[in-house]
Colleague: 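Input: one structure, supplied below.
Each chain gets a letter, A, B and so on, in the order its sequence line appears, and its residues count up from 1. Just so we're clear, the structure is a prediction, and the values are computed from it rather than from any experiment.
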Amino acid sequence: MELFLVPPTSCPDSTLPQPSDPPWSPWWTLCHLSHHGDQPKSPLPRSWPGQVSRFCQEMKKSKNYALPNASWGPDMLSLYHEFLEKTKTSGWVRVPSFRSNRDHIQGFKLPLDLSANSDKSDWRLFTRCIEREGQGYEYVIFFQPSEKKSICLFQPGPYLEGVPGFVHGGSLAALIDETFSKTAYLSGEGLLTVNFNIRFKNLIPLGSLAVLNVNVEKIEDQKMYLSCVTQSRDQQTVYAKASGTFLQMHLEEDSSRQ
Amino acid sequence: MLRSCTAGLRSIWALRGRREGAPRLSMDLQPARRLFSTEKVIHKDWALPNPSWSKDLKLLFDQFMKKCEDGSWERLPSYKRRSTQESEDFKTYFLGSALQTQSLWKKAQLFTRGFEDGLGFEYVIFKNNDEKRTVCLFQGGPYLQGVPGLLHGGAMATMIDIALGSCTGGAVMTANLNINFKRPVPLCSVVVINSQLDKLEGRKLFLSCNVRSVDEKTLYSEATGLFIKLDPEKSST
């Protein structure tokens with residue numbers, strides 16, 4: 001499926017993209033925007049608090065995985081409750097987590113001209129791929145809208161093993177990318193990873209608690225720049241540092257579904 | 001960081017439990033088979049076709065298997081679990097680590113091999129020893145979704161980590177990864193990851209790779225990585 005060489009119909013033939021064009025070139029961005037009848041955007045989405053509450057609303061039909069279960073250890077539980085308190089007192093938002101990202105964007109059209117064929121019910125968000133409690137990713141993300149930062153509490157299970165007894169570097173990279181992704185979207189419609197950089201410092205033992213601190217450092221030219229420090233709860237051990245760049249992309253309302 | 005790991009990995013080497021994707025010459029498989037034959041568990045090689053493999057993936061697999069016939073290329077086998085013996089010995093070197101309960105160890109399995117056929121990572125790596133490069137054929141299944149319809153960036157990062165690691169020799173650990181995503185990968189499609197060793201400086205290995213479509217016309221991403229060779233002789237203190 002070729003996503004980028006299908007030209008928006010409103011663009012003249014002489015400006016059709018060439019195979020050598022990078023997909024994030026200004027040409028592509030402007031064409032995308034003009035196709036949807038919008039003016040080039042400011043970095044923030046139009047209805048800010050509405051965006052967060054819509055993305056974070058609980059879905060009646062979809063299970064929310066970002067809730068405690070029997071596999072959560074005492075460290076994970078106590079930090080979770082600490083942040084739950086903060087959702088009542090200091091504006092933090094607990095981000096629900098569904099089996100598919102489709103549940104977060106109900107009522108929106110899929111981006112990039114992805115067709116209805118892409119919308120399959122058996123597809124799962126990667127970090128929710130392992131169903132059995134405690135075996136894979138146990139995590140919950142809390143987001144602070146006023147500071148554009150988030151914190152992810154992560155308890156890795158035995159199916160995430162790399163070096164015996166420790167978390168696979170790739171599985172940590174995936175969760176950092178996922179936390180970036182949620183933070184980027186809630187902070188300004190950041191949707192697709194453009195760049196990802198990770199420096200591993202120490203191994204995370206399976207079953208222990210790791211805390212991911214994510215910040216939006218900058219928003220510029222429709223790109224969001226985020227950073228993440230993954231460390232132990234007492235901050236004595238730094239497990240990894242990462243940075244990511246996300247492309248902002250506005251999702252259209254799908255009027256056919258309403 | 002490395003000191004705490006070397007002692008444990010020393011024992012791993014001794015028992016030939018290398019990181020997944022570490023190069024194995026066909027003659028190296030003999031000692032491993034002797035080790036496994038003392039156990040009742042049969043270790044399945046997951047880097048072989050199964051019914052979930054698409055036509056594209058099977059075709060490429062066959063092309064590369066042909067290249068293996070003259071010995072210039074070799075297919076790297078891929079296992080789900082370390083042997084019980086390896087895990088036990090590793091544990092004795094890591095008594096200081098918290099929360100290593102008996103039950104957690106027994107259930108542990110390599111992250112990328114924990115899915116039913118076709119749902120997660122379907123991949124096989126071929127290595128060219130002369131040119132110090134590898135080719136990884138990868139088909140990402142429906143449980144690796146990010147934006148609906150697309151492969152999760154983190155799943156791609158996981159595969160890039162594995163593909164780069166497959167170009168290294170012996171026990172190594174990933175230090176850095178840098179990935180530039182150029183185009184998103186449609187979910188359930190096949191991609192080819194070409195990796196190579198660019199430079200070796202002491203124990204530092206500098207590697208790079210690109211991720212392309214089967215027809216090579218689409219460049220999905222480019223990445224570089226720094227891996228560190230672990231020295232089995234180094235003391236753990």
Colleague: In terms of heavy-atom proximity below 4.5 Å to chain B, should A:Y137 be classed as side chain, backbone, both, or neither?
Modeller: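 Contact with chain B: side chain only.
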Colleague: Can you name the nearest heavy-atom pair linking B:G149 to A:W123, along with the distance?
Modeller: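 Residues B:G149 and A:W123, closest heavy atoms: CA-CZ3, 3.4 Å.
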Colleague: Nearest 0.5 Å, what's the CG-OG1 distance between B:L150 and A:T193?
Modeller: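 Reported to 0.5 Å precision, the distance equals 10.0 Å.
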Colleague: Keeping A:N195 on the side-chain end and B:F181 on the backbone end, is there a donor-acceptor pair under 3.5 Å?
Modeller: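 No, A:N195 side chain to B:F181 backbone: no donor-acceptor pair under 3.5 Å.
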Colleague: Kindly say whether A:R199 contributes a backbone atom to a donor-acceptor pair with the side chain of B:N176 at under 3.5 angstrom?
Modeller: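 The answer is no, because no donor-acceptor pair under 3.5 Å joins these two groups.
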Colleague: Look at atom CG of B:D198 and say whether more than 12 heavy atoms of other residues, nucleotides or ligands are closer to it than 6.0 Å.
Modeller: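 Yes, CG of B:D198 has more than 12 neighbouring heavy atoms, counting only those of other groups under 6.0 Å.
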Colleague: Are the side chains of A:L192 and B:R183 in contact, using a 4.5 Å heavy-atom criterion?
Modeller: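 A side-chain contact under 4.5 Å is absent here.
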Colleague: State, with a plain yes or no, whether a side-chain heavy atom of B:V147 is found less than 4.5 Å away from one of A:L191.
Modeller: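 In contact.
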Colleague: Pick from B:S213, B:A223, B:G153, B:G114: which one has the most heavy-atom pairs with chain A under 4.5 Å?
Modeller: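 Most heavy-atom pairs within the cutoff with chain A belong to B:G153.
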Colleague: Just so I know, are the side chains of B:M173 and A:L203 near enough to count as touching, which here means a heavy-atom distance under 4.5 Å?
Modeller: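 Contact flag for B:M173/A:L203 side chains = yes.
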Colleague: With a 4.5 angstrom heavy-atom cut-off, could you sort out which part of A:I176 is near chain B: side chain, backbone, both or neither?
Modeller: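 Neither part.
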Colleague: Can you tell me how far NE2 of B:H152 sits from CZ of A:R128, rounded to the nearest 0.5 angstrom?
Modeller: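 The distance works out to 11.0 Å.
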Colleague: Between A:G169, A:G136, A:S171, A:A173, which has the largest tally of heavy atom pairs under 4.5 Å with chain B?
Modeller: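 Among the listed options, the one with the most contacts to chain B is A:S171.
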Colleague: Got a second to check how far A:I130's CD1 is from B:L119's CG, nearest 0.5 Å?
Modeller: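 Answer rounded to 0.5 Å: 11.5 Å.
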Colleague: Tell me which of these, B:A155, B:S221, B:G225, B:S189, has more heavy-atom pairs under 4.5 Å with chain A than the rest.
Modeller: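 The residue among B:A155, B:S221, B:G225, B:S189 with the greatest pair count is B:A155.
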Colleague: What closest approach, in Å, do B:P148 and A:N101 show between heavy atoms, and which atom pair accounts for it?
Modeller: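 That would be CD-CB, 4.0 Å.
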Colleague: Is any side-chain heavy atom of B:N178 closer than 4.5 Å to a side-chain heavy atom of A:I198?
Modeller: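 They are not in side-chain contact.
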Colleague: Should A:R124 and B:P142 count as side-chain neighbours, where that means a heavy-atom distance under 4.5 Å?
Modeller: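 Of all side-chain heavy-atom pairs linking B:P142 with A:R124, none is under 4.5 Å.
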Colleague: At what distance, to the nearest 0.5 angstrom, does OH of B:Y143 lie from OG of A:S100?
Modeller: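 That separation rounds to 12.0 Å.
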Colleague: Quick one: does B:T158's side chain get under 4.5 Å of A:F126's, heavy atoms only?
Modeller: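 Side chain of B:T158 against side chain of A:F126, heavy atoms only: contact under 4.5 Å found.
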Colleague: Taking the six-membered ring for Trp and the full ring for Phe, Tyr or His, determine whether the centres of A:Y159 and B:F115 are under 6.0 Å apart.
Modeller: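 They do not qualify: ring centres at least 6.0 Å apart.
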